There are 2 protein chains.
Amino acid sequence: MTTVNAMNLAEIGNLVGDLTRAQMLTALLDGRALTAGELAWCAGIMPQTASSHLAKLQAAGLLTMEKQGRHRYFRLSSPTVAAMLESMQVVCAVDAPRRIRPESRMDKDMRMARSCYDHLAGVLGVALADALTRQGAVDLTADGGVVTAQGRNMLGSFGIDVAGLADQKRCFCRPCLDWSERRHHIAGALGKGLADRLFQLGWIKRVRDSRVIRVTPEGQQGLKQTFAIDHPV
Amino acid sequence: MTTVNAMNLAEIGNLVGDLTRAQMLTALLDGRALTAGELAWCAGIMPQTASSHLAKLQAAGLLTMEKQGRHRYFRLSSPTVAAMLESMQVVCAVDAPRRIRPESRMDKDMRMARSCYDHLAGVLGVALADALTRQGAVDLTADGGVVTAQGRNMLGSFGIDVAGLADQKRCFCRPCLDWSERRHHIAGALGKGLADRLFQLGWIKRVRDSRVIRVTPEGQQGLKQTFAIDHPV
DNA sequence: GGCATGCTTCGGCGCCGGTCGAAGTGTTCT
DNA sequence: AGAACACTTCGACCGGCGCCGAAGCATGCC
């Protein structure tokens, strides 16, 4: 019997399948580490309850914990976990028969620009991928992506150490299906490099307590000049 | 609040998180369509119970149903769903702290060679990917893969219509992390093409009621001659 | 028509697991 | 030292869900 596989599958599913834990995981999906208390607040439960959930998630290897003074910081234990969660969201978004879309302000912002573990997603993420493709800097297919010689120059002068990124163990340029746009954006080391550089330049900023990304006025101008992207407010 | 995302996530997780449903999904992971009765048998439950589970999975869009006489055939509704399930299994295999491995005969066979939705996985799948890489037919990275000019010739003379496969909508050559080998094998249209051709040649056969693949004596010989693969019995 | 088969719906049972209050441990601040 | 804080453990409650028996529809075979 293939039960051993199914058991693993069910265990993971079960962990993600509780709304409270799903809220915690969603909160951690931007790659930051949060304290147990913050996670409890995110999920709207008492600290004791959060503690038991976090213990389970940690025991299963989805989360790693780091003690720091009297705080305990939790983060997703690897990009693999983030990728899994994204793939689950993609299934919701793509395959589910249409259902009520609350269309809240936050949802709108999330669709506009958000962090996806350590890179950019939403309209902005897709626009960046499009722009780099249009400029011949990267060749992005559904299967994967490569940076062209021209792209290396361009990204280099933009302040991204392409060679350094490519040396890392992790995927260099992975296409990541965007659950809101239903198109691909750039993930992997290059995706992180791009996001990091935009943060560094002050072109984008995180919105507190969410994955939403805000484009600053300088970013607005810079994106237009460098990538010919007209990002809405 | 990002609750809408978390809700979707939890819904999917909840569906996969029940051992019974996980067994059904695992049984469907090879891409075939099974009847409600067969799925009930796979999960070891009564038909009534299976019916309710299948209704839920279908309502959520994970499964599609097709009536055929008095049978109802269920299958995974898309490769996206299969990819999600695989990604969940990868997380179990890679991130989970080591746990008891029952080491049953079936597990051994599964690790040796199995179908993964519509392509090959296990030792055989990885060996094929290695062989094609070694022969310079494909260039497989963690990000994606491409078929070389030489590869097109080689695969063409092996009876695979590379150009035809590349024209399809779906990913052509996607690397898929193997949960047992923890290395990549070839998925996507090319992966399916390879598997189909090996079935057609009679080199491999499915084992009844499982995803296990058996290599025939002809296959043993053919794999050695064509790909220099010494596949264990 | 009569009967077997495949699947669904309904109703009630039983249990697993998420929840919080209370109490305990370890850390930091004054 | 004592108090405030962050988090964990324990115990009890209870709601939800997976389970099966019985009955109800469809379909196919004789």
Side-chain angles (χ1 to χ4, degrees), chain A residues 1 3 6-28 32-60 62-75 77 209, chain B residues 1 3 6-28 32-60 62-75 77 209:
Chain A
M1 202 56 43
T3 349
M7 278 180 58
N8 288 338
L9 200 59
E11 187 188 339
I12 299 289
N14 205 359
L15 287 168
V16 184
D18 177 76
L19 181 54
T20 302
R21 285 191 291 258
Q23 280 175 306
M24 292 174 161
L25 292 169
T26 303
L28 292 168
R32 284 180 301 183
L34 299 178
T35 67
E38 289 170 325
L39 287 166
W41 183 87
C42 287
I45 52 172
M46 295 282 108
Q48 334 61 303
T49 312
S51 183
S52 98
H53 286 305
L54 291 169
K56 285 175 190 173
L57 291 170
Q58 192 188 354
L62 295 189
L63 262 43
T64 56
M65 194 261 286
E66 207 172 329
K67 294 178 68 168
Q68 213 166 100
R70 52 185 170 186
H71 296 277
R72 311 220 159 171
Y73 282 90
F74 291 87
R75 67 170 72 245
S77 63
D209 288 331
Chain B
M1 202 58 42
T3 349
M7 278 180 58
N8 289 338
L9 200 59
E11 186 188 339
I12 299 289
N14 206 1
L15 287 168
V16 184
D18 178 75
L19 181 55
T20 303
R21 285 191 290 261
Q23 280 175 303
M24 292 174 161
L25 292 169
T26 303
L28 291 169
R32 285 180 300 184
L34 299 178
T35 68
E38 289 170 326
L39 287 167
W41 182 86
C42 288
I45 52 172
M46 296 282 108
Q48 343 50 310
T49 312
S51 184
S52 97
H53 286 304
L54 291 169
K56 286 174 191 173
L57 291 170
Q58 193 187 355
L62 296 189
L63 262 44
T64 57
M65 195 260 287
E66 208 172 329
K67 294 177 68 168
Q68 214 166 100
R70 53 184 170 184
H71 295 278
R72 312 223 158 168
Y73 281 91
F74 291 86
R75 69 169 72 243
S77 63
D209 289 332

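Nothing here was measured: the structure is a model prediction, and the numbers come from that model. Numbers restart at 1 for each chain; the letters A, B, ... are given by sequence-line order, proteins then strands.
Taking the side chain as every heavy atom from C-beta outward, A:R21 and A:V16 never approach each other to under 4.5 Å. Side-chain atoms of A:L62 and A:L15, non-hydrogen and from C-beta on, do get closer than 4.5 Å to each other.
In terms of position on DNA chain C, the residue among B:M65 and A:R21 whose nearest nucleotide sits closer to the 5' end is B:M65.
Remark: C1' of C:dG6 and CD of B:E38 are 12 Å apart, rounded to the nearest angstrom. Following rounding to the nearest Å, B:E66 (CD) and C:dC7 (P) show an atom-to-atom distance of 14 Å. Atom P of nucleotide C:dG6 and atom CH2 of B:W41 are separated by 15 Å, given to the nearest angstrom. The CG-P distance, from A:L19 to C:dT19, rounds to 9 Å in whole Å. In this structure, A:L54 places its CG atom 7 Å from P of D:dT8, rounding to the nearest Å. One interatomic measurement links the two molecules: CD of A:E11 to P of C:dC16, which rounds to 17 Å at whole-angstrom precision. In this structure, B:L15 atom CG and D:dG18 atom P are separated by 9 Å, rounded to whole Å.
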Decide side chain to side chain contact (heavy atoms under 4.5 Å, CB included) for A:L19 and B:M7; before the verdict, give the C-alpha distance in whole Å, the side-chain angles of both, and the deciding distance to 0.1 Å.
CA-CA 6 Å; A:L19 181 54; B:M7 278 180 58; 3.8 Å; yes

Applying side chain to side chain contact (heavy atoms under 4.5 Å, CB included) to A:H53 and A:I45, what does each step give before you reach the verdict?
CA-CA 11 Å; A:H53 286 305; A:I45 52 172; 4.1 Å; yes

Please determine whether side chain to side chain contact (heavy atoms under 4.5 Å, CB included) holds for the pair A:L28 and A:L63, giving the CA-CA distance in whole Å, both sets of side-chain angles, and the decisive distance to 0.1 Å.
CA-CA 9 Å; A:L28 292 168; A:L63 262 43; 4.0 Å; yes

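Of the candidate nucleotides C:dG17, C:dT8, C:dG6, C:dG17 has the atom lying nearest to any side-chain atom of A:N14.
The shortest distance between the side-chain N/O atoms of B:K56 and the OP1/OP2 oxygens of D:dC17 is not below 4.0 Å.
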Using a 4.0 Å heavy-atom cut-off, write out nucleotides 19-30 of chain D from 5' to 3' as B (base contacted by protein), S (sugar-phosphate only) or - (no contact).
SBBB----BS--

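Expressed to the nearest 0.5 Å, how far CG of B:L9 lies from CG of A:D18 amounts to 11.0 Å.
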